[in-house]
Amino acid sequence: QSQYNLGSLYINKKDYLKALEYLDQSLSAYQKLKGENHKMVAFAYNGIGVAQQKMKQYDKALENFNKSLAIREQLYGKESKMVTSVLNNIANIYVEYFKDSKKALEYYLRSLAINEKSWGVDVTTNYVNIAHIYYKTGDYDKAIEYLNKTIAAYEKIRGGNIPDVNKIEYFSAILDVYQYLIRIYVLAGQIDKAYEIRELSSAKYFLEKMGEKAGPSQPKAFDINAYSKTIPDESAIVSFANTDWDNIMILVTTKGYYGGVEVSKKDFVERVKSKIKINPNYADSDNTNKRGFKVVASVYDDKGKSPNINASEYNDDFNNIINYYRSLLQSPSTSSINSPDFAIIGKELYNLLVEPLKKLIGDKKELLICPDGLLNLIPFEAFISDKNRYLVEDYDISYSQSLSVLSQLAQRTYSPKKNTLLAFGGAIYHDDKVSYTPTSVTVNEFDLKSSILKGSNSDLISKFNIQWENLPGTQEEVKAIKKIAGKATLVTGKKVNEDYIKQMSQNGELKNYSAIHFATHGIVIPEFPELSSIVLSQVKDGKNLEDGYLTMQEILNLNLECDYINLSACETGLGKVIVGEGIIGLTQSFLLSGANGISVSLWKIADESTAQFMAGMYGKSLQEIISYKKSLTAMKRQFIKEGKYRSAFYWAPFVYYGK
C-alpha cells in the first residue's frame, strides 16, 4: 500500500519515472500476496497506465488499462461504477494517440450508461468527453446536445447545496464547458444560441444578486431576439467571450440583428512580438499627487481551476502583452500616440478586436462593450485605427458586464430627484505634513483574511503605517463642479467621513440625489476584493467611530436611488478578474446598491488633470443637457484635441458602466 501511495504521489508531482518505480513494486507485492485477481492489483495496473500515458508510452498504457479493466469486471461486474474510470482512460488513449473516434466513443458511452444509473458529477465528465468526440468528427448537433446536458447538470449542482460564498469559484471551475458551447454555436452559425450561453455564463453571481435586490421580479432567461429589438438605432453592442482561449469569440448585435466572428490570438501575438520586446516589469515610479494605492497579496491562488478543453498556446503571451499595454497607459510619456510601443499595441488591438467587426457594426456610432477576462482592464477608447485616430474619436463607448445586467438596470425606475448632485472632496487624511507611502504594498494572506473577518481595513493599514496624502486638488475639483452645477451639494474636509455617509443613507438623504461624486483616495485589493474601499477622512473628531474605509459590503448596504456615481479616485474600476464573472470590485457594489450608471478609473490618476476633466464633464452634461455617459466621452475628445492632456494616461482611465 505504501508503494502504491508513493506512486500516486509522484504522478501528482509529475515525476513519472519515480511513479512507475513505486507502482511496479506495489504491483509485484500485491500479486505475490493476493494473487492476480485482486482490487489493488487492478488499481496498480491503472496507475501504471496513467504514468505511461503521461510519458506518451500509449501502447503500454493501453495494455495496462485493459488488464485493470478485466480484473475489475471479474470482481465487480461489467455494469459496476468501479469500471467507469478505466473505461474513460482507455477512451482517452484512443482519442489522444490512435485518433480512433469511433472506438473512443464506444468506451465513453459504456461509461456514461453506468454513471447515469446513479447520477453524479461523473456524468458531466462523460457528457463533455462525448461532446468532444462529436465536435472532432464535425457532428456539431450531437456535440451541442451533450454540452447542453452538461450545462443543465452544472446549473442543477450550482443551484443546490453550494454555499453562496463558493458559487463564483465553482462556476469559474466549470466555465470552459460554456465557452466550448459558445464556440460551437458560432461555428454552426447559431449566433442567437451563442448569445444565450454567453449571457448564461456572464456576471452570473452579479445577476443573482441583482435579482435578490429586485425582490419577486427575478431575472428571466435571456432572449437575444427580443433584446435586439430594443437597441437604439445608432448603437451596436459588442460582447466578448473565450478570451483565455486561442480563438476569441466576438458577438455583435444591433437593432433587430446579431452576428458573430471568431478571431485568433496567434497572428496578433506574433506580429506584436516581431515589432517590440515586451517588458512585463515596466512600472511608473511617479506617485506624486496620485489618488490611492493597490495592495498585492504575496500568494498565488489557483484553487478551482480546471483544465481547459481548448488549452491556449498563446494565452500567456497575450496576457503579457495586455499587462504591458496597461503599464504603458499608466504614464504620460509612454501613453502618447507617438510612443512606439503604445502605438504598435494599440493598433494591433484595433486590428484584432475592432476591424473584424466593421461590417457587423456598419454606420453605428455608439459601442456598448461587454468585455471578458483581462479585456476588463483596458480601455477600448485608446485603441488606434489605421487612420491614426483613437477609437473614442469615432465612437461613443460604454461598458456593461452583460446584456442581462443592462436588461435588469433598464427595469429600474426612480422618481425625479429634488437634488441634482452630491459631491464629496477634500477629505482630511492627516493634519500634519507626512511622507507619502508608495502606492503598492505587499502583504501576506493571513493579514488580509484577518481584516476580512474583522470587517475592517484599519487594522491592516495600521500594520504598514500607511499615511494617506492629502489631495488639495479634490477640494478644488468639487468647488469647480459646484460652480458649474449650481445646485450641487458639497461635502468637504473632515465631514467627508464614513459615519456621515452612512447617516445620510439611513435617514434617506442619499436617495434624494440623482448623481453622487467621490473625489477621494481609493484602495484596491484584487486578491480579496471584499476589502477594496473608498478611503474617506482619517482624522477623528471624537464622534466618528468608523474606520474611514467604505468597503464593498458597506457600499452594498447603502440606500441609493441615483442615475450616476462618479468614483474620481485611483483604480476604482479594478478588482478581482474572474473569467465569465468580470471584475469583482467597487463597480458591482455600487450598481447593486442602486446606481444605474457609474464611471470608474483603471489606474492611478493625476490630481490636477482629473480635477479639470471632472469639472468639464459636469459642465458639458448640464450645459449641453446630455447624459453623463456622453459628456464623459466628450471630455475625452476635448483632452485629445487640446493637446496638453492628449496622452491617454490623462483621459483613458475613466470608463462608464451601466445604462
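All values reported here derive from a predicted model rather than from experimental measurement.
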Checking Asn225 against Tyr258: is there a side-chain donor and acceptor pair closer than 3.5 Å?
yes
Tyr564 vs Tyr628 aromatic rings, parallel, tilted or perpendicular, using cut-offs 30° and 60°?
parallel
Quick check, are the ring centers of Tyr399 and Tyr656 under 6.0 angstrom apart?
no
How many angstroms lie between atom OH of Tyr146 and atom OH of Tyr180, to the nearest 0.5 angstrom?
14.0 Å
Test log, rule side-chain contact (heavy atoms from CB on, under 4.5 Å), inputs Leu112 and Val123
CA-CA 6 Å; Leu112 174 63; Val123 173; 4.0 Å; yes
Donor + acceptor pair across side chains of Lys347, Asn388 (<3.5 Å):
yes
Look at Lys142 together with Glu145 and state whether they make a salt bridge at an N to O cut-off of under 4.0 Å.
yes
Under the criterion ring pair (Phe, Tyr, Trp, His ring centres under 6.0 Å), which of Trp603, Phe613, Phe649 is the partner of Phe654?
Phe613
Heavy-atom pair with the smallest gap, counting every atom of Ile133 and Ala104
CD1-CB, 3.9 Å
Run through Thr150, Thr84, Asn88 and flag the one making a side chain to side chain donor-acceptor pair (under 3.5 Å) with Asn126.
Asn88
State plainly whether the residues Glu624 and Lys630 are in salt-bridge range, i.e. N to O under 4.0 Å.
no
Is there a side-chain contact between Leu360 and Ile250, using heavy atoms and a 4.5 Å cut-off?
no
Check whether Ser400 reaches the backbone of Tyr657 with its side chain - one donor and one acceptor, N or O, closer than 3.5 Å.
no
Just by distance, no angles: are the side chains of Arg198 and Ser202 close enough, under 3.5 Å, to form a donor-acceptor pair?
yes
Is it true that Asp176 and Arg183 have a side-chain N and a carboxylate O under 4.0 angstrom from each other?
no
Mind listing the closest non-hydrogen atom pair of Asn566 and Ser599 along with its distance?
OD1-OG, 3.1 Å
Starting at CD1 of Ile361, measure out to NZ of Lys359 and round the result to the nearest 0.5 Å.
13.0 Å
Nearest 0.5 Å, please: how far is OG in Ser631 from CD1 in Ile625?
12.5 Å
Do Asp563 and Ser514 have a side chain donor and acceptor closer than 3.5 Å?
no
Give the ring-plane orientation class for Phe342 versus Tyr390, where under 30° counts as parallel, over 60° as perpendicular and anything between as tilted.
tilted
A quick test of your reading: do over 12 heavy atoms of other residues, nucleotides or ligands sit less than 6.0 Å from NZ of Lys255?
yes
With a sphere of 6.0 Å drawn around NZ of Lys358, does it hold more than 12 non-hydrogen atoms of other residues, nucleotides or ligands?
yes
Suppose we screen for ring pair (Phe, Tyr, Trp, His ring centres under 6.0 Å). Which residues come up paired with Tyr227, at least two apart in sequence or across chains?
Phe222
Is the Lys NZ or Arg CZ of Lys193 less than 6.0 Å from the centre of Tyr185's six-membered ring, within 45° of the axis?
no
Counting C-beta onward and ignoring hydrogens, is there a side-chain heavy-atom pair between Arg412 and Leu409 closer than 4.5 Å?
yes
Not counting sequence neighbours, which residues clear ring pair (Phe, Tyr, Trp, His ring centres under 6.0 Å) with Tyr195? List them please.
none
With Lys636 as the cation and Phe639 as the aromatic partner, state whether NZ or CZ is under 6.0 Å from the six-membered ring centre and within 45° of the axis.
no
Taking C-beta and beyond as the side chain, do Ser201 and Ile182 meet within less than 4.5 Å on heavy atoms?
yes
Student check: side-chain heavy atoms of Val655 and Phe380 closer than 4.5 Å
no
Hey, does Gln553 have a side-chain heavy atom less than 4.5 Å from the side chain of Asn557?
yes
Could you tell me if the side chain of Leu403 sits less than 4.5 Å from the side chain of Thr253, heavy atoms only?
yes
Within 6.0 angstrom of Lys659 NZ, more than 12 heavy atoms from elsewhere
yes
How about Ile321 and Glu348: do any of their side-chain heavy atoms sit closer than 4.5 Å?
no
For Tyr108, ring pair (Phe, Tyr, Trp, His ring centres under 6.0 Å) partners two or more places apart:
none
Could you go step by step and tell me if Leu181 and Asn148 meet the side-chain contact (heavy atoms from CB on, under 4.5 Å) rule?
CA-CA 8 Å; Leu181 187 52; Asn148 273 318; 3.3 Å; yes
Could you please spell out the steps behind the side-chain contact (heavy atoms from CB on, under 4.5 Å) verdict for Arg326 and Ile345?
CA-CA 10 Å; Arg326 269 187 52 78; Ile345 299 176; over 6 Å; no
The test is side-chain contact (heavy atoms from CB on, under 4.5 Å); show your working for Tyr127 and Val177 and say whether it passes.
CA-CA 10 Å; Tyr127 287 155; Val177 173; over 6 Å; no
Any idea how Tyr154 and Tyr178 line up, ring-wise: parallel (<30°), tilted (30 to 60°), or perpendicular (>60°)?
parallel
Side-chain contact, heavy-atom cut-off 4.5 Å: Ser593 with Ile565?
no
Mind checking the CD-NZ spacing from Glu234 to Lys364? Nearest 0.5 Å is all I need.
8.0 Å
